[in-house]
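First the structure, in the form of structure tokens, and then the observations on it.
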Amino acid sequence: MYRLVRPLLFALPPSLAHELGMLALAPIEHAAPLRALVHARLAPRDGRIAVRTMGLDFPSPLGVAGGFDKDARRARALAALGFGFVELGTVTAQPQAANPTPNLFRLPADRALINRLGFPNQGAARVTERLLGRGGAAAVGVPVGISIGKSRVAPLDPIEPAIDDYLASFREARRAADFVVINVSSPNTKDLRAMQGPAIARALLSAIARENRAAGAPLPLLIKVAPDLGDEELEALLAVVEEVGLAGVIATNTTVRRDGLATSPEAVEAMGAGGLSGPPLRQRSLAMVRRIRARLGSNVTVIGAGGIESAEHAMDQLQAGADLVQIYTGFIYGGPLLPAAIARGLSDLVARSGARSIQDLVSRPGGATRAAMIGHGA
């Protein structure tokens, strides 16, 4: 069915098509009987693909990435479609509009997107209240993460206002989330990626970690990193992650690179600046997952994101060292049945392997990390 509808949606501007998609999910979000019916048909039920990490239980390792549901409008509907977790946001302390249009572009030849939206959202307080007003994370039925970013109006020099801005968002997000993602890697907020530098990252992450501990019942904190970091830059940031004691890393955000695309250079140049997502990012994301797992070992959760369109792509990420995976662009191109299809595909892969679970399939007996067995000659 989606194959028939997609050409019509793709004939519309991407932002309008997205809003129509969100409108189509509204009945599932708001009508409990319909949501239960969809959930019964599509939600993963195979315990062999369930994952436990960060003290949370995920019915499958596949989640929807931050950016799809920025204002927590469709969290319950997304879970009903078969996602094993949802990441909402990115939210900021101050409500803010999107960057000037056009700010979202399709690259059909690459099954990719370019966006320069810039964290449009209704503000952390309102988004959190919406989620709580619908029963909170418990009503979603799968673990819920909230991504927090820097408000456009918060300066970076000096750094203290930006840290205070993140803390304001964190205080709101922690009221409703099962875990919080610290987004310092979007290319669409001026100078945001500078916050991945070790000195600034240490100041920011330490402040949020202190706030998290002081509040009691601390939540898992993760950082989302850019695929454009060099090896030394990534190593320096991961040293801070280890020092601060974050629960995990998401690899990766969108890229500013444009090499290797099937879309013509002229068409790409006409689209302008922004973050590229989808299959062109797949190999870089895999490489970073391997490196992060090798550097941080088995005690940190790694979420792989970038170009996943099938169960095989998801399994590649898991075998590279990811505990969980996320999709966004693949969901746009693949449609609402894709999460359930990937979950079924993962179940089939586990069944064919003879493993007892997906975690057994991607782990080696004796405690060796996946990065050790996949990335270093096994």
Side-chain angles (χ1 to χ4, degrees), residues 44 47-66 75 78-79 83-91 128 131 136-148 169-170 173-185 205-206 208-225 237-238 240-253 285 288-289 292-305 308 314 317-318 320-327 343 346 357-360 362-363 367 369-371:
R48 293 174 301 179
I49 66 168
V51 174
R52 182 168 177 80
T53 187
M54 301 187 294
L56 300 170
D57 291 311
F58 298 78
S60 96
L62 178 70
V64 62
L78 291 167
F83 282 109
F85 65 103
V86 296
E87 181 187 331
L88 306 171
T90 295
V91 300
T128 298
L131 185 58
V140 177
V142 298
V144 174
I146 296 180
S147 172
I148 60 174
S169 292
F170 173 71
R174 75 174 311 278
R175 297 193 298 127
D178 293 309
F179 62 93
V180 173
V181 178
I182 304 162
N183 188 342
V184 292
S185 53
L205 300 179
S206 296
I208 297 175
R210 284 194 299 271
E211 181 84 16
N212 192 33
R213 291 191 297 268
L219 296 178
L221 299 178
L222 299 92
I223 186 172
K224 189 169 189 175
V225 301
L237 179 57
L238 293 179
V240 175
V241 169
E242 191 172 46
E243 174 188 330
V244 174
L246 295 192
V249 180
I250 299 180
T252 64
N253 212 315
S285 174
M288 291 191 73
V289 165
I292 292 165
R293 177 60 69 196
R295 171 63 177 80
L296 297 180
S298 60
N299 294 324
V300 170
T301 296
V302 179
I303 302 179
I308 295 170
Q317 287 275 4
L318 297 171
D323 299 281
L324 305 167
V325 297
Q326 292 179 317
I327 61 172
L346 289 173
S357 71
I358 199 165
Q359 290 185 305
D360 285 345
V362 298
S363 300
T369 68
R370 284 158 296 192

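Summarising the geometry of G321 relative to V302, their closest heavy-atom pair is O-CB, 4.0 Å, with the distance given to 0.1 Å. Considering all non-hydrogen atoms of both residues, V91 and S169 come closest at O-OG, 4.2 Å. Here the closest heavy-atom approach between residue G304 and residue A322 is recorded as N-CB, 3.8 Å. Pairing each heavy atom of F170 with each of I148, the nearest pair is CB-CD1, 3.9 Å. In this structure, G84 and P59 approach most closely via the heavy-atom pair O-CD, 3.4 Å. For the residue pair V51 and P61, the shortest heavy atom distance occurs at CG2-CB, 3.9 Å.
A heavy-atom distance below 4.5 Å is not found between the side chains of T252 and S185. Side-chain contact between M54 and L222 is present, with heavy atoms from C-beta onward closer than 4.5 Å. Looking at P220 and T301, their side chains never come closer than 4.5 Å, going by heavy atoms from C-beta outward. Side-chain contact between I223 and L237: present, with at least one pair of heavy atoms (C-beta onward) separated by less than 4.5 Å. Residues Q326 and I308 form no side-chain contact, since every pair of their non-hydrogen atoms from C-beta on lies 4.5 Å or further apart. Under the 4.5 Å side-chain criterion, counting only non-hydrogen atoms from C-beta, V142 is not in contact with F58. Between V181 and I303 the shortest side-chain heavy-atom distance does not fall below 4.5 Å. Residues I250 and N183 fail the side-chain proximity criterion, which asks for heavy atoms closer than 4.5 Å.
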Can L246 and V300 be said to form a side chain to side chain contact (heavy atoms under 4.5 Å, CB included), step by step?
CA-CA 8 Å; L246 295 192; V300 170; over 6 Å; no
Show, in sequence, the C-alpha distance, side-chain angles and deciding distance for F85 and V140, and conclude whether the side chain to side chain contact (heavy atoms under 4.5 Å, CB included) test is met.
CA-CA 9 Å; F85 65 103; V140 177; over 6 Å; no
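Separation of atoms CD (Q359) and CZ (R52) is listed at 10.0 Å; rounding is to 0.5 Å. Atom CZ of R174 sits about 11.5 Å away from atom OG1 of T128, to the nearest 0.5 Å. Atom CD1 in I146 sits 9.5 Å away from atom CZ in F179 (nearest 0.5 Å). Interatomic distance, CD1 of I182 versus CD1 of I208, reported as 4.0 Å (0.5 Å rounding). If you take OG1 on T90 and CG on N253, they are separated by 7.5 Å, rounding to the nearest 0.5 Å. A distance of 4.5 Å separates CG of D323 from OG1 of T53, quoted to the nearest 0.5 Å.
Of the candidates V241, V180, L205, L221 forms a side chain to side chain contact (heavy atoms under 4.5 Å, CB included) with just one, namely V180.
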